Amino acid sequence: MPGNSKFPEQEQRSATGAASPRERGEGEDIAIIGGGIIGICAAALLSEAGRSVTVFDRTGICEETSSGNAAAFAFSDVLPLAHKGMIRQLPKWLADPLGPLAIPPAYLPKLLPWLIRFWRAGAAKHYETSLATQAGMMKLAEAEWMSLLDRSGTRPMLREEGSLEFYESEAEFRASLPGWAERQRFGIGFRHIEGEEMAALQPGLSPRFVKGTFVPGWKTVADPKLLGKAVWAYAEKLGARFEHARVERVEAGADGATIVLADGTRRTASKLVIAAGAWSHLLAKNLGDRIPLETERGYNTTLPSSAFAVKRQLIFSGHGFVITPLQTGLRVGGAVELGGIDRPPNFARSKAMLEKAKRFLPGLDPSGGREWMGYRPSLPDSLPVIGAARAPNVYYAFGHGHLGLTQSAATGRLIRDLVLGQTPPLDLTPFRPQRF
C-alpha cells in the first residue's frame with residue numbers, strides 16, 4: 001500500500017520513544033476525520049499501537065449518527081442487504097410512504113444509478129462471495145469488540161439477552177427459513193419458537209404474531225452514544241486528541257496529507273483516515289475516488305424506560321424496525337429512507353413506527369419520547385470501503401450502512417494494520433475503494 005513504510009521512525013515509536021511529527025511541531029502524526037464510532041475505534045487501536053492521533057469532527061464525539069442507532073451488535077446479520085429481497089419488495093414498500101422503505105419521488109432520478117448498482121450486486125452469481133465476505137467480517141467484528149470492551153473497561157455496557165424476531169403468518173415464517181439456514185452454515189445459533197415460549201421471552205406481546213426466532217448470541221449495548229464516548233475516553237487516556245472543526249476538503253501527496261478547515265486553517269498529517277460517514281464520499285472525491293455512497297436515513301423515538309417492560313431487542317423485520325431496551329430509555333426505530341443528506345427529516349416515519357409498536361405491544365405508553373433521524377452511509381454491494389485511497393497516505397473507513405456499530409472495532413483493527421504496514425486478518429479485496 002502507498003506510504004505504509006515511509007515513516008519507519010513513527011512505526012517504532014512505542015518501542016523507541018521517538019517523537020511524533022506533532023510533537024516535533026511538524027503537524028499531526030495520524031489525523032482521522034470523523035468522530036463517530038468508526039473513527040473512535042480506529043483512534044483507540046492506533047493509540048494503543050503508540051501512534052499520535054487527532055480526530056476532527058464538526059460536532060463532537062459520537063454526537064451524530066453513532067448516537068442514535070438501535071444499539072445492536074448484529075454479528076449474526078451476515079446476509080448482505082442486496083440479497084435480502086429488497087428489490088423484489090420495492091414496489092410494495094414504495095406504495096406505503098411510511099413503510100419499511102421510502103424514496104422521496106423528487107430524489108428518485110438522483111438515486112437511480114445507485115439502485116441499478118444495488119440490483120446488480122444482488123445477482124445470484126455474487127451471492128456466495130458476498131455472504132462469505134460478510135460472515136468473515138462479522139467473525140472478526142465480534143472478536144475485536146469483545147477484546148476492545150475488555151481493554152477499555154467498557155464490558156459492563158454489554159448486554160447479552162439475545163433477540164426475538166417475529167412473524168405474523170406461517171407464510172412470513174417460511175419465507176425466513178432460507179436465511180436462517182444460511183446463518184446456520186456459519187455456526188450462528190438460533191431456535192424457532194411459538195406459543196408459551198414466545199410469551200415467556202416477551203410478556204405482553206400481541207397475539208397477532210404466530211411464531212418467532214430467538215437468537216441467544218445476539219448482543220446489544222446499554223446505549224450506543226455512551227459506549228462511544230467511553231471508548232473515546234480510553235483513547236484519550238492513551239494520548240488521542242479531539243479537535244472541533246468542520247473539514248472543507250483534503251489534499252494528499254508523497255509527504256503526507258493536508259486537511260483544509262472551514263475557517264481556512266490547514267492541518268498536515270503523515271497519514272489521514274477518512275471516516276466521516278455519509279459525507280466521506282465528498283472528501284474522497286477531492287482525491288480522485290468516486291464512490292457511490294447513499295444514505296439509509298433512519299428514524300427512531302426513544303421513550304422513557306417505563307414505557308414497557310421489553311426484555312431484549314425485538315425485531316419486526318416485516319415492518320423494518322426494532323425495539324431496544326437501553327439504559328437511557330426504550331428505543332423504537334429503524335426503517336430506511338433513501339433521500340440523501342440535504343432533505344429535512346420526515347418525522348412522520350418515527351410516528352408511524354411508534355403507532356405500530358403500540359399495536360404490537362398493547363399497553364405501551366408512547367408519551368414522552370424523543371424523535372431522532374440519522375444518516376447510515378451505504379454502498380450498493382452492502383460492504384464498506386476499507387482500504388487505501390488512490391492518493392498516497394490516505395485510508396478510507398466508511399459505508400457500513402446499518403452495521404456501523406457492529407463492524408466498527410473490526411474496521412479499527414483493519415485500519416490500524418494498514419497504517420502500520422501490517423498484514424490484516426482479512427482479505428481486503430472485497431472492501432477496496434476502487435472496486436466500483
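These numbers come from a predicted model, not from an experiment. The first residue of the sequence shown is numbered 1, and numbering continues consecutively from there.
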Q) Do the ring centers of His192 and Phe214 come within less than 6.0 Å of each other? A) no

Q. With side chains defined as the heavy atoms from C-beta onward, is the minimum distance between Arg297 and Val336 less than 4.5 Å?
A. no

Q) Can Thr406 and Asp77 be said to form a side chain to side chain contact (heavy atoms under 4.5 Å, CB included), step by step? A) CA-CA 10 Å; Thr406 301; Asp77 196 1; over 6 Å; no

Q) Looking only at heavy atoms, what is the nearest atom pair of Pro424 and Asp417, with distance? A) CA-OD2, 3.5 Å

Q. Just checking, any donor-acceptor pair under 3.5 angstrom between side chains of Thr258 and Arg266?
A. no

Q) Looking at Phe321 versus Tyr299, is the centre-to-centre ring distance below 6.0 Å? A) no

(Q) I'd like to know whether Asp381 forms a salt bridge (charged side-chain N to carboxylate O under 4.0 Å, His left out) with Arg117, so could you lay out the CA-CA distance, the side-chain angles of the two residues, the decisive distance to 0.1 Å, and finally the verdict. (A) CA-CA 8 Å; Asp381 59 0; Arg117 287 177 182 270; over 6 Å; no

Q: State whether the side chain of Glu142 and the backbone N or O of Ala74 hold a donor-acceptor pair below 3.5 Å, judged by distance alone.
A: no

**Q.** Minimum heavy-atom distance Glu144-Leu45, with the two atoms named
**A.** OE1-CD2, 4.2 Å

Q) Judged by atom type as modelled, is there a donor-acceptor pair below 3.5 Å linking the side chain of Asp29 to the main-chain atoms of Ser52? A) yes

Q | Any side-chain heavy-atom pair of Arg432 and Leu428 under 4.5 Å | A | no

Q. Rounded to the nearest 0.5 Å, how far apart are OG1 of Thr154 and CG of Leu149?
A. 4.0 Å

Q | Student check: side-chain heavy atoms of Leu426 and Met137 closer than 4.5 Å | A | yes

Q: Please report the closest heavy-atom contact between Leu326 and Ser305, naming both atoms and the distance.
A: O-OG, 4.0 Å

Q: Would you mind checking if Lys351 and Glu371 are paired as a salt bridge, meaning a charged N to carboxylate O distance below 4.0 Å?
A: yes

Q: Any chance you could lay out the side chain to side chain contact (heavy atoms under 4.5 Å, CB included) test for Leu338 and Thr295, step after step, and finish with the verdict?
A: CA-CA 6 Å; Leu338 294 169; Thr295 54; over 6 Å; no

(Q) Closer than 3.5 angstrom, by distance alone: can the side chain of Thr129 be matched with the main-chain N or O of His126 as a donor-acceptor pair? (A) no

Q: Please report the C-alpha distance between Val385 and Asp289 in whole Å, then the side-chain angles of each, then the deciding distance to 0.1 Å, and finally whether the side chain to side chain contact (heavy atoms under 4.5 Å, CB included) criterion is met.
A: CA-CA 11 Å; Val385 161; Asp289 288 306; over 6 Å; no

Q.
Pair Glu64, Thr59 - check side-chain hydrogen bond (donor to acceptor under 3.5 Å, both in side chains), show working.
A. CA-CA 8 Å; Glu64 296 197 31; Thr59 51; 3.0 Å; yes

Q.
Please report whether the ring centroid of Trp145 lies less than 6.0 Å from that of Phe73.
A. yes

Q: Search all heavy atoms of Tyr395 against all heavy atoms of Leu418 and return the closest pair with its distance.
A: OH-O, 3.8 Å

Q. Which distance, rounded to the nearest 0.5 Å, do you find between the CZ of Arg312 and the OG of Ser163?
A. 9.0 Å

Q: For Ser147 and Arg151, run side-chain hydrogen bond (donor to acceptor under 3.5 Å, both in side chains): C-alpha distance rounded to whole Å, both residues' side-chain angles, the deciding distance at 0.1 Å, then the answer.
A: CA-CA 6 Å; Ser147 180; Arg151 299 194 309 273; 2.5 Å; yes

**Q.** Salt bridge flag under 4.0 Å for residues Arg246 and Glu248
**A.** no

Q) Measuring from Phe436:CZ to Leu293:CG, what's the distance to the nearest 0.5 Å? A) 8.5 Å

Q) Do you know which two heavy atoms are closest between Leu414 and Pro425, and how far apart they sit? A) CD2-CD, 3.7 Å

Q.
Between Lys219 and Glu161, is the salt bridge (charged side-chain N to carboxylate O under 4.0 Å, His left out) condition met? List the steps.
A. CA-CA 7 Å; Lys219 299 173 176 63; Glu161 292 96 352; over 6 Å; no

Q: Examine the side chains of Thr213 and Glu165 and answer whether a donor and an acceptor come within less than 3.5 Å of each other.
A: no

Q. Is the backbone of Ala309 close enough, under 3.5 Å, to the side chain of Gln202 for a donor and an acceptor to pair up by distance?
A. yes

Q: Give, for atom NE2 of His400 and atom CG of Leu383, the distance between the pair rounded to the nearest 0.5 Å.
A: 9.5 Å

Q. Could you walk me through whether Phe398 and Thr411 pass the side chain to side chain contact (heavy atoms under 4.5 Å, CB included) check?
A. CA-CA 9 Å; Phe398 61 85; Thr411 302; over 6 Å; no

Q. Does the side chain of Ser76 come under 3.5 Å of the side chain of Arg183 through a donor N or O and an acceptor N or O?
A. no

**Q.** Trace of the ring pair (Phe, Tyr, Trp, His ring centres under 6.0 Å) decision for Trp279 with Tyr375
**A.** CA-CA 9 Å; Trp279 289 263; Tyr375 302 94; 5.3 Å; yes

Q) Do side-chain atoms of Asn300 reach the backbone of Gly68 as a donor and acceptor pair under 3.5 angstrom? A) yes

Q: Please round to the nearest 0.5 Å and tell me the distance separating atom CD of Glu294 and atom CG of Leu111.
A: 5.0 Å

**Q.** Closest approach of Gln407 to Ala141 (non-hydrogen atoms, all atoms of both residues)
**A.** CA-CB, 4.1 Å

Q) After noting the C-alpha distance and the side-chain angles of Thr302 and Arg331, does the key distance pass the side-chain hydrogen bond (donor to acceptor under 3.5 Å, both in side chains) rule? A) CA-CA 4 Å; Thr302 303; Arg331 183 158 291 166; 2.9 Å; yes

Q | Any side-chain donor near an acceptor of the partner, Thr54 and Glu28, under 3.5 Å | A | yes

Q | Exceeds 12 heavy-atom contacts within 6.0 angstrom, atom NZ of Lys139 | A | no

Q. With no hydrogens and no angle check, do the side chains of Glu182 and Tyr127 hold a donor and an acceptor under 3.5 Å apart?
A. yes

(Q) Distance alone, cut at 3.5 Å: any donor-acceptor contact between the side chains of Tyr234 and Glu48? (A) yes

Q.
Quiz question: by atom type and distance under 3.5 Å, do the side chains of Glu168 and His319 form a donor-acceptor pair?
A. yes

Q: List the steps, then state whether salt bridge (charged side-chain N to carboxylate O under 4.0 Å, His left out) holds for Glu63 with Lys225.
A: CA-CA 7 Å; Glu63 290 290 343; Lys225 181 175 180 177; 3.2 Å; yes

(Q) Between Tyr107 and Glu337, is the side-chain hydrogen bond (donor to acceptor under 3.5 Å, both in side chains) condition met? List the steps. (A) CA-CA 11 Å; Tyr107 193 71; Glu337 180 184 53; over 6 Å; no

Q: Would you please name every residue forming a ring-ring contact (aromatic ring centres under 6.0 Å, His included) with Phe431, sequence neighbours left out?
A: none

Q | Distance (rounded to the nearest 0.5 Å) between Leu46 CG and Ile30 CD1 | A | 4.5 Å

**Q.** Presence of salt bridge, Arg185 and Glu128, under 4.0 angstrom
**A.** yes

Q. Heavy-atom count around Arg290 CZ within 6.0 Å, excluding the residue itself: above 12?
A. no

Q: Establish, yes or no, whether a centroid distance under 6.0 Å links the rings of Phe209 and Phe316.
A: yes

